[in-house]
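None of the values given here were measured: they were computed from a predicted structure. Quick note on labels: first sequence line is chain A, next is B, and so on, each numbered from 1.
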Number of protein chains: 2
Amino acid sequence: MSRSTTDVPAQVAGADACTVREVLDRVGGKWSIGVIVEASRGPVRFTELERAVEGISRRMLTLTLRNLERDGLLTRTVHPTVPPKVEYVATPMARELYDALLTLTTWADRHRGDIAAARHRYDEARAD
Amino acid sequence: MSRSTTDVPAQVAGADACTVREVLDRVGGKWSIGVIVEASRGPVRFTELERAVEGISRRMLTLTLRNLERDGLLTRTVHPTVPPKVEYVATPMARELYDALLTLTTWADRHRGDIAAARHRYDEARAD
DNA sequence: CCGAATCCGAGGTGATACTG
DNA sequence: CAGTATCACCTCGGATTCGG
């Protein structure tokens, strides 16, 4: 974390934007983050996720799980027991991603008030 | 950047996930990042953005601009000339955000190969 | 318990044409 | 130049139901 925006040459800016888009396309889904967070804390079962990720439907949980597994962010383990038991856990790569997202969290915490104020000001000005 | 994922207590994880969602809802749009990148390099006009952000339609540019302005990430300046001239520029807050996104870029660069490999493996396994 | 398949409505997205 | 308006599409997400 040494470079600042102003240090970035104009040329690489576009490429960076593209790269960010890749990540966002992957974890930008409505539920991906929530699932990653839960799976980062250790192996978790399908039904546990269904309850832990507030508001998610069974369909979306399945789809999200598949996409994350496909990208190597989640490991799916089937225990051949009766009844069947399937556990999901975040891969090291996903944990690193989560750490990276922490940077965004910090930003959001710092500027939450500013954003709310800006919105209020904007809406206020339009109300006239 | 001192804390690692494993250091984060379970309780705050959910809250962090929520915070990340806030940011993602704001800049997760298909075009937001591209516009922020362009506007971070200095004042830029509407038509310049239309050409700079590859593939964006006039409508989506307008909507993206409005949202970013509303959140205080962009400053809109109208020069009362003929013909009209409107310039957009990223606020300091937006530049900080861009710096935060650089962390994600780094992650993506490090793991791009891993993800591609994981996908290939996954698709391969399903082809059987 | 875990997941797939189908149906269906809501909202996001783009092409085009028009205005101050 | 800098938008706004309208329409048509089309993907996403939810509810429900069925299978292993």
Side-chain angles (χ1 to χ4, degrees), chain A residues 17 21-22 24-36 38-39 42-71 73-90 122 125-126, chain B residues 17-18 21-22 24-35 38-39 42-71 74-90 122-123 125-128:
Chain A
R21 274 261 100 257
E22 287 180 29
L24 259 39
D25 287 340
R26 203 154 354 253
V27 300
K30 197 175 179 184
W31 309 107
S32 302
I33 302 292
V35 171
I36 289 178
E38 295 300 324
V44 62
R45 303 184 58 175
F46 187 89
T47 312
E48 288 178 311
L49 282 172
E50 200 173 358
R51 283 181 293 112
V53 182
E54 199 75 15
I56 195 171
S57 67
R58 193 166 292 190
R59 170 190 159 85
M60 290 320 295
L61 179 55
T62 300
L63 290 179
T64 303
L65 251 18
R66 287 294 163 277
N67 283 330
L68 293 178
E69 184 194 355
R70 184 168 114 97
D71 287 340
L73 294 171
L74 243 47
T75 303
R76 180 172 181 268
T77 310
V78 181
H79 297 84
T81 61
V82 175
K85 180 178 176 183
V86 182
E87 283 183 328
Y88 298 89
V89 61
Y122 185 89
R126 295 212 96 198
Chain B
C18 176
R21 275 259 102 256
E22 288 181 28
L24 260 38
D25 286 341
R26 200 147 7 246
V27 301
K30 196 175 177 183
W31 310 106
S32 303
I33 301 292
V35 171
E38 295 301 324
V44 63
R45 303 183 59 174
F46 189 89
T47 312
E48 289 179 310
L49 283 172
E50 200 173 358
R51 281 180 295 112
V53 182
E54 198 76 16
I56 195 171
S57 67
R58 196 165 289 187
R59 171 192 160 81
M60 289 319 295
L61 178 56
T62 301
L63 290 179
T64 303
L65 251 20
R66 288 293 166 277
N67 283 331
L68 293 178
E69 184 195 356
R70 185 167 113 96
D71 288 339
L74 245 46
T75 303
R76 180 173 180 268
T77 310
V78 181
H79 298 85
T81 61
V82 175
K85 181 178 176 183
V86 181
E87 283 182 327
Y88 297 88
V89 61
Y122 184 90
D123 295 343
R126 293 211 97 197
D128 299 343

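Summarising the geometry, the separation between CG on B:Leu61 and P on D:dG3 is reported as 8 Å, rounded to the nearest angstrom. For the pair B:Arg59 CZ and C:dA17 P, the interatomic distance rounds to 17 Å; values are reported in whole Å. For A:Glu48 and C:dC1, the CD to C1' distance is 12 Å, given to the nearest whole Å. Atom pair B:Trp31:CH2 and C:dG12:P shows a separation of 16 Å (rounding to whole Å applied). The NE2 atom of B:His79 sits 13 Å away from the P atom of D:dG3 (whole-angstrom rounding). One interatomic measurement links the two molecules: CD1 of A:Ile56 to C1' of D:dA15, which rounds to 15 Å at whole-angstrom precision. Rounded to an integer number of Å, the gap from CG of A:Leu49 to C1' of C:dC1 is 13 Å. The nearest whole Å value for the distance from the CG atom in A:Leu65 to the P atom in C:dC2 is 11 Å.
Backbone-only engagement by B:Arg45 is indicated by non-hydrogen atom pairs under 4.0 Å involving sugar-phosphate atoms exclusively. Base contact: B:Thr62 has a heavy atom under 4.0 Å from a base atom.
Distances shown here put every side-chain N or O of A:Lys85 at or beyond 4.0 Å from the OP1 or OP2 atom of C:dG3. Taking 4.0 angstrom as the limit, A:Tyr88 places a side-chain polar atom (N or O) nearer than this to OP1 or OP2 of C:dG3.
In this structure, A:Val86 and B:Arg58 both approach DNA chain C, and ranking their closest nucleotides by distance from the 5' end singles out A:Val86. Comparing A:Gly55 and B:Phe46 by the nucleotide of DNA chain D whose heavy atom lies nearest to each, the residue mapping closer to the 5' end is B:Phe46. Map A:Gly29 and A:Pro84 each onto its nearest nucleotide of DNA chain D; the residue landing nearer the 5' end is A:Gly29.
Summarising the geometry of B:Leu24 relative to A:Val27, their closest heavy-atom pair is CD2-O, 3.9 Å, with the distance given to 0.1 Å. The heavy-atom pair separating A:Glu50 from A:Leu61 by the smallest distance is N-CD2, 3.7 Å. Across all non-hydrogen atoms, the minimal contact from B:Ala39 to B:Tyr88 is CB-O, 4.4 Å.
Checking D:dA2, D:dG13, C:dT13 against every side-chain atom of B:Met60, the shortest atom distance belongs to C:dT13. The nucleotide whose nearest atom lies closest to any side-chain atom of B:Arg76 is, among D:dA2, D:dG13, C:dG14, D:dA2. Out of C:dG3, D:dA2, C:dG14, the shortest distance to the side chain of B:Thr47 is found at D:dA2.
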>> Is there a side-chain contact (heavy atoms from CB on, under 4.5 Å) between B:Leu63 and B:Met60? Walk through the geometry before answering.
In response: CA-CA 5 Å; B:Leu63 290 179; B:Met60 289 319 295; 4.0 Å; yes
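The backbone N or O of B:Gly28 lies less than 3.5 Å from no partner atom in the side chain of B:Ser32, so there is not a single donor-acceptor pair.
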